[in-house]
S.K.: 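One structure coming up, written as structure tokens, with questions to follow.
Remember, it's a predicted structure, so these values are computed and weren't measured experimentally.
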Amino acid sequence: LITRTSQIHRHRRRASKLLIVLIIEFFICWTPLYLYHTVGTFDKSIHRSIPSIVLNIILLLSFVSASCNPVTYYFVSRH
């Protein structure tokens with residue numbers, strides 16, 4: 001019984017860590033794009049003032065978001 005309970009706690013702890021990592025990845029990948037569009041809604045000059053390389057990196061982060069989850073699941077999974 002004690003072994004089963006500790007096993008459940010271990011699985012919950014692992015699932016919690018996975019969830020936290022996924023949330024952090026989501027915010028890292030999508031926050032710059034959301035900020036760019038939100039600030040751009042109120043200040044149109046931001047679209048002209050940001051260098052194209054920065055905009056490309058922001059867009060690249062949003063595209064990378066789609067491949068982060070499978071990689072994270074791979075490294076967190078035991079199997």
S.K.: For V39, what residues pass the side chain to side chain contact (heavy atoms under 4.5 Å, CB included) criterion, not counting sequence neighbours?
M.R.: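 Here the qualifying residues are I46.
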S.K.: Are L33 and L55 connected in a single hydrophobic cluster, I mean Ile/Leu/Val/Met/Phe/Trp/Tyr linked by side-chain heavy atoms less than 4.5 Å apart?
M.R.: yes
S.K.: Taking ring-ring contact (aromatic ring centres under 6.0 Å, His included) as the test, write out the residues that go with H47, two or more places apart.
M.R.: Y36
S.K.: Restricting to side-chain hydrogen bond (donor to acceptor under 3.5 Å, both in side chains), what partner residues turn up for S52, sequence neighbours left out?
M.R.: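 If we apply the side-chain hydrogen bond (donor to acceptor under 3.5 Å, both in side chains) test to S52, skipping adjacent residues, there are no hits.
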S.K.: Apart from V64 itself, which Ile, Leu, Val, Met, Phe, Trp or Tyr residues share its cluster (side-chain heavy atoms under 4.5 Å, direct or through members)?
M.R.: L60
S.K.: Is there any side-chain hydrogen bond (donor to acceptor under 3.5 Å, both in side chains) pair reaching into residues 62-71, and which pairs are they, with sequence neighbours excluded?
M.R.: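 Non-adjacent pairs meeting side-chain hydrogen bond (donor to acceptor under 3.5 Å, both in side chains): W30-S65.
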S.K.: Could you identify which residues cluster with L19, counting Ile, Leu, Val, Met, Phe, Trp and Tyr as linked when any side-chain heavy atoms lie under 4.5 Å apart, either directly or through a chain of such contacts?
M.R.: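 I23, F27, which link up through side-chain heavy atoms under 4.5 Å apart, make up the rest of the cluster.
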S.K.: Do F26 and L22 share a hydrophobic cluster (ILVMFWY, side-chain heavy atoms under 4.5 Å, transitive)?
M.R.: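 The answer is no; the residues belong to distinct hydrophobic clusters.
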S.K.: State the OG1-CD1 distance between T3 and I8, to the nearest 0.5 angstrom.
M.R.: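 It is 11.0 Å, given to the nearest 0.5 Å.
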S.K.: What's the shortest heavy-atom distance between L61 and P32, and which atoms?
M.R.: CD1-CG, 4.0 Å
S.K.: Please enumerate all residues that pass side chain to side chain contact (heavy atoms under 4.5 Å, CB included) together with P70, with sequence neighbours excluded.
M.R.: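 P70 satisfies side chain to side chain contact (heavy atoms under 4.5 Å, CB included) with no residue once adjacent residues are dropped.
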S.K.: Applying side-chain hydrogen bond (donor to acceptor under 3.5 Å, both in side chains), can you list everything that pairs with D43, at least two apart in sequence or on another chain?
M.R.: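 Counting only residues at least two positions away or on another chain, D43 forms a side-chain hydrogen bond (donor to acceptor under 3.5 Å, both in side chains) with S45.
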S.K.: Give the other cluster members for L35, using side-chain heavy-atom distances under 4.5 Å between Ile, Leu, Val, Met, Phe, Trp and Tyr residues; answer none if it is isolated.
M.R.: none
S.K.: Apart from I24 itself, what residues make up its hydrophobic cluster when side-chain heavy atoms of I, L, V, M, F, W and Y under 4.5 Å apart count as a link, directly or indirectly?
M.R.: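 In the cluster with I24 are I20, I28.
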S.K.: Atom CD1 in I58, atom CZ in F63: separation rounded to 0.5 Å?
M.R.: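 If I round to the nearest 0.5 Å, the distance is 12.5 Å.
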S.K.: Could I get the full list of side chain to side chain contact (heavy atoms under 4.5 Å, CB included) partners for R13, not counting sequence neighbours?
M.R.: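 With neighbours one apart ignored, the set is R10, K17.
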S.K.: For T72, which residues count as a side-chain hydrogen bond (donor to acceptor under 3.5 Å, both in side chains) partner, sequence neighbours excluded?
M.R.: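 T72 satisfies side-chain hydrogen bond (donor to acceptor under 3.5 Å, both in side chains) with E25 only.
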